[in-house]
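Values below: all heavy atoms of this structure, side chains included; hydrogens, waters and symmetry mates excluded. As the structure is a prediction and not an experimental result, all values here were calculated from the model.
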Amino acid sequence: MPVHRQGQSGAVLLGSFDLAVSRFSGKPAPARDGPEWMQDAYSHEVISHGFWPGSGPLLEPAFYAYCVPEPAGSRLLR
């Protein structure tokens, strides 16, 4: 269940089940390309990590993490 506090953006969760924690800095994120819903969903800086039990193309459980905007050089750390 999303927690809403005054001055923070809300969340809409569609079509999946996962356990996640997301932290928003409150700072606007740089504009991004893509559909309007994605531009709105990532309109503020966020770091998120969680657990996905698996479904669709990924049938095995997995942990995940992401940041918006992506930190410079982070793709080199794989």
Side-chain angles (χ1 to χ4, degrees):
M1 169 184 288
V3 174
H4 301 280
R5 293 188 177 97
Q6 185 176 359
Q8 291 185 342
S9 299
V12 177
L13 309 173
L14 301 173
S16 66
F17 172 80
D18 61 348
L19 300 174
V21 173
S22 297
R23 299 289 296 179
F24 295 87
S25 71
K27 300 175 188 175
R32 55 188 292 136
D33 295 330
E36 187 174 331
W37 66 267
M38 188 177 284
Q39 293 172 16
D40 187 46
Y42 296 111
S43 63
H44 288 76
E45 291 181 351
V46 62
I47 183 168
S48 185
H49 59 277
F51 173 77
W52 174 258
S55 71
L58 182 63
L59 297 177
E60 297 178 6
F63 290 98
Y64 65 89
Y66 64 89
C67 296
V68 174
E70 184 177 304
S74 64
R75 292 191 182 250
L76 302 174
L77 301 173
R78 292 179 180 221

Would you check if Y42 and W37 make a side-chain contact, meaning some heavy-atom pair closer than 4.5 Å?
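In short, these two side chains do not touch, never coming nearer than 4.5 Å.
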Could you list who else is in F51's hydrophobic cluster, with ILVMFWY side chains joined at under 4.5 Å, directly or through other members?
F63
ILVMFWY cluster membership beyond I47 - transitive side-chain contacts under 4.5 angstrom
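Result for I47 is none, singleton.
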Looking at residues at least two apart in the chain, or sitting in another chain, which of them share a salt bridge (charged side-chain N to carboxylate O under 4.0 Å, His left out) with E70?
R75
Residues forming a side chain to side chain donor-acceptor pair (under 3.5 Å) with Y64, sequence neighbours excluded
D18
Side chain to side chain donor-acceptor pair (under 3.5 Å) involving S55 - partner list, sequence neighbours excluded
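Here no residue qualifies.
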Evaluation steps, side chain to side chain contact (heavy atoms under 4.5 Å, CB included), between R23 and V46:
CA-CA 6 Å; R23 299 289 296 179; V46 62; over 6 Å; no
Name all residues meeting the side-chain contact (heavy atoms from CB on, under 4.5 Å) criterion together with P71; count only those two or more places apart in sequence or in a different chain, and write none if there are none.
C67, S74
Which pairs of donor and acceptor atoms, one on a side chain in residues 25-35, lie under 3.5 Å apart (sequence neighbours left out)?
{"residue": "S25", "atom": "OG", "partner": "K27", "partner atom": "N", "Å": "3.0"}
{"residue": "S25", "atom": "OG", "partner": "E45", "partner atom": "OE1", "Å": "2.9"}

